[in-house]
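First the structure, in the form of structure tokens, and then the observations on it.
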Amino acid sequence: MASSTSDPRTPDARVRILSTEIIHAKNTQSPLERIPLTACDLRLILVGTIQKGLLFRNPTTDHPISRQTFIENLKSAFSKALALHHPFAGRLTADEHPDGSASVYIDCNDAGCPFLHAVADGVTVDEALHQPFPVPPAPILWSFFPSNDVKNYHGFTKPLMSVQITELVDGVFIGWTVNHAVADGTAHWNFHRIWSSICRGCGEYSPPVFTRDSSLEAIKKKIRVPWSRIRDFNEDNLVIPPLKEGTFHFSRKKIAELKAKGTAELSGSRQISSLQILIAHLWRAVIRSRADPDPESETRFVIQVGFRGRFEPNKFPAHYFGNAIGGRTVTMKVKDLVAEGSLGRVAAEVNRVVAETTDEKLREAVEDWIESPDMRGLGEFTEGGLMLSGSPRFDAYGTDFGWGKAVAVRSGWANKCDGKVTVFPGPETGSMGFEVCLSPECFDRLRMDSEFMAAVTE
């Protein structure tokens, strides 16, 4: 089992950067402006960036385009997509106030985004896939991502987005790093969907919405946060405890079997979703795998709930640019979580917490945060529990740059800690992948948990 404890800032010698070009938001139709960061943005400013990537094999067509043509097409389309998402080309800026607080903005100054072209000498798609079961990250993977040493709070001087195209022997990896204080998963996947559509010559797509005109008044406020907390914060040399990570795949059939089991335990009294049953299945297994948990202690699972489509009467638009997510915490006693026949009850509790996430509760949470800003570093987010990011709704495998469907979705090093879980859609309709980061001992016990692994697809 491969460990993910190597320092990603030490590049693999086989990966050579051939060129680096700063791409600007040319021909943008949006005026250069400043966009205020909201409470949803600022609560993430001290954690790591979003790092995601897609792995493609060389296309098998009768008329394949050359690799160089493909790279140039990617670069040209990236520039056009950036023109539609011009805040990505900016930098963060702050207005400091006499009381020691500050208001933080995106300065849409078109400082640009790095576009790196690299080659991985002798590396094949199969090596990058690194297929032992469950799928751990290939050690070389970290070198396929740009800006591994950049955190969100570096955005005052560092790019808010960077992209790296890495050529392999028989394919290509497209990796990107996005400042999470500027955009959430929905926003950055919307960008890549538009970028890929432009690559394919498709002209129909919905542009992003930059205005902060939601009926949630708290979002529109010019929020003041303690400036010293951001200015003096530094996790550049943070030593992450040893971790192991791997991606567990669940087929549509296995998910259906878990749902049937959970529903039967509930006597059909409540509807539970595919994601909720997988959260329950994983949560129970992880707690079983941790060393001698106190049965009377409480354990938490933090789930990110999206704001888009909420807050009547002016709902957050689907293409809102920024962070429109908030954490909801499911709490249970260990003994109740791991009890025999509790899968359905745990899933039902997840369902209850999500269902009770009303506009009023979300509004109250945001307004409370504004009154007392709580900006945490990476290690403070899980605190012994688990935290879920990502979504099975992100159409990662539908992001086609002209070479067809990706063979894999991968994450970079950013935001990895004990208890971090990222969900991806699976390659087949209705399937899902859970990327799980745990202590080495806990991860190894999880892999040996027969009840958990019975639902995992090899």
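Computed from heavy atoms alone, side chains included, the values below leave out hydrogens, waters and symmetry copies.
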Heavy-atom side-chain contact between Ser274 and Lys259 under 4.5 Å: yes

Heavy-atom side-chain proximity of Val436 to Thr247 below 4.5 angstrom: no

Short side-chain to backbone donor-acceptor contact, Asp418 and Leu243, under 3.5 Å: no

Aromatic ring pairing Trp189/Trp176, orientation class (parallel under 30°, perpendicular over 60°, tilted between): perpendicular

Phe434 ring center near Phe248 ring center (under 6.0 Å): no

Check: Gly385 main-chain N/O paired with Thr299 side-chain donor or acceptor under 3.5 Å: no

Donor-acceptor under 3.5 Å (Ser76 side chain, Asn73 main chain): no

N-O pairing of Glu451 and Arg284 below 4.0 Å: yes

Steps toward side chain to side chain donor-acceptor pair (under 3.5 Å) verdict (Thr399, Arg193): CA-CA 6 Å; Thr399 307; Arg193 179 181 51 79; over 6 Å; no

Salt bridge (charged side-chain N to carboxylate O under 4.0 Å, His left out) between Asp184 and Arg308, worked out: CA-CA 11 Å; Asp184 60 11; Arg308 291 172 179 82; 2.8 Å; yes

Closest non-hydrogen atom pair between Leu82 and Ala25, with its separation: O-CB, 3.6 Å

Salt bridge (charged side-chain N to carboxylate O under 4.0 Å, His left out) between Arg91 and Asp110, intermediate numbers included: CA-CA 8 Å; Arg91 300 291 184 269; Asp110 198 23; over 6 Å; no

Heavy-atom closest contact (Leu438 atom, Cys442 atom, distance): CD1-SG, 3.9 Å

Derivation and outcome, salt bridge (charged side-chain N to carboxylate O under 4.0 Å, His left out), residues Arg352 and Glu356: CA-CA 6 Å; Arg352 183 191 66 79; Glu356 291 180 357; 2.9 Å; yes

Side-chain heavy-atom pair Leu44, Leu42 within 4.5 angstrom cut-off: no

Atom CZ of Arg252 with >12 non-hydrogen neighbours under 6.0 angstrom: no

Distance (rounded to the nearest 0.5 Å) between Glu127 CD and Ile140 CD1: 5.5 Å

His249 vs Lys254 side-chain heavy atoms within contact, under 4.5 Å: no

Residues His117 and Glu167: side-chain donor-acceptor under 3.5 angstrom: yes

Residues Arg43, Asp41: salt bridge by 4.0 Å N-O rule: no

Phe424-Phe394 aromatic ring centre distance below 6.0 Å: no

Exceeds 12 heavy-atom contacts within 6.0 angstrom, atom NZ of Lys416: yes

Residue pair Val346 / Ala280: nearest heavy atoms and the distance that separates them: CG1-CB, 3.6 Å

Distance in Å, Ser289 OG paired with Leu282 CG, rounded so as to fall on 0.5 Å steps: 9.0 Å

Check: Asp12 side chain, Ser143 main-chain N or O, donor-acceptor pair, under 3.5 Å: no

Exam field: side chain His86 to backbone Ala83, donor-acceptor pair closer than 3.5 Å: no

Nearest-0.5 Å distance, CG of residue Asn351 to CD of residue Gln271: 9.0 Å

Under 3.5 Å donor-acceptor, Asn190 side chain and His319 backbone: no

Residue pair Met453 / Leu446: nearest heavy atoms and the distance that separates them: CG-O, 3.9 Å

Ring center gap for Phe56 and Trp403 short of 6.0 angstrom: no

Val47 and Asn415, any side-chain heavy atoms less than 4.5 Å apart: yes

Residue pair Val302, Arg328: steps toward the side-chain contact (heavy atoms from CB on, under 4.5 Å) verdict: CA-CA 6 Å; Val302 180; Arg328 296 292 292 162; over 6 Å; no

Within-4.5 Å side-chain heavy-atom neighbours: Val209 and Phe321: no

Check: Phe401 and Arg200 side chains under 4.5 Å, non-hydrogen atoms: no

Test side chain to side chain donor-acceptor pair (under 3.5 Å) applied to His85 - qualifying residues, sequence neighbours left out: none

N/O donor-acceptor pair under 3.5 Å between Asn152 side chain and His180 backbone: yes

Gap separating the OG1 atom of Thr157 from the CG atom of Leu92, nearest 0.5 angstrom: 9.0 Å

Heavy-atom pair with the smallest gap, counting every atom of Trp369 and Ala39: CE3-CB, 3.6 Å

Side chains of Phe78 and Phe191 in contact at under 4.5 Å (non-hydrogen atoms): yes

Within 6.0 Å of NZ in Lys75, more than 12 heavy atoms from elsewhere: yes

Thr457 (side chain) donor-acceptor with Ser251 (main chain) under 3.5 angstrom: yes

Chi angles and distances behind the side chain to side chain donor-acceptor pair (under 3.5 Å) call for Ser389, Thr422: CA-CA 5 Å; Ser389 66; Thr422 303; 3.3 Å; yes

Donor-acceptor pair between Arg300 and Thr331 side chains, under 3.5 angstrom: no

Derivation and outcome, side-chain contact (heavy atoms from CB on, under 4.5 Å), residues Leu129 and Asp126: CA-CA 5 Å; Leu129 278 173; Asp126 286 341; 4.0 Å; yes

Stepwise side-chain contact (heavy atoms from CB on, under 4.5 Å) test for Met432 and Leu278: CA-CA 9 Å; Met432 294 187 214; Leu278 286 182; 3.7 Å; yes

Option from Val330, Ile279, Ile272 for which side chain to side chain contact (heavy atoms under 4.5 Å, CB included) with Glu349 holds: Val330

Nearest-0.5 Å distance, CZ of residue Phe145 to OG1 of residue Thr177: 7.5 Å

Check: Gln51/Thr49 side-chain N/O donor and acceptor closer than 3.5 Å: no

Nearest-0.5 Å distance that lies between atom CD in Glu72 and atom CD1 in Ile165: 11.0 Å

Side chain to side chain donor-acceptor pair (under 3.5 Å) between Ser162 and Ser147, worked out: CA-CA 7 Å; Ser162 53; Ser147 306; 2.8 Å; yes

Trace of the salt bridge (charged side-chain N to carboxylate O under 4.0 Å, His left out) decision for Lys405 with Asp400: CA-CA 6 Å; Lys405 186 177 179 179; Asp400 179 2; over 6 Å; no

Distance-minimising heavy-atom pair for Leu160 and Ile106: CD1-CG2, 4.0 Å

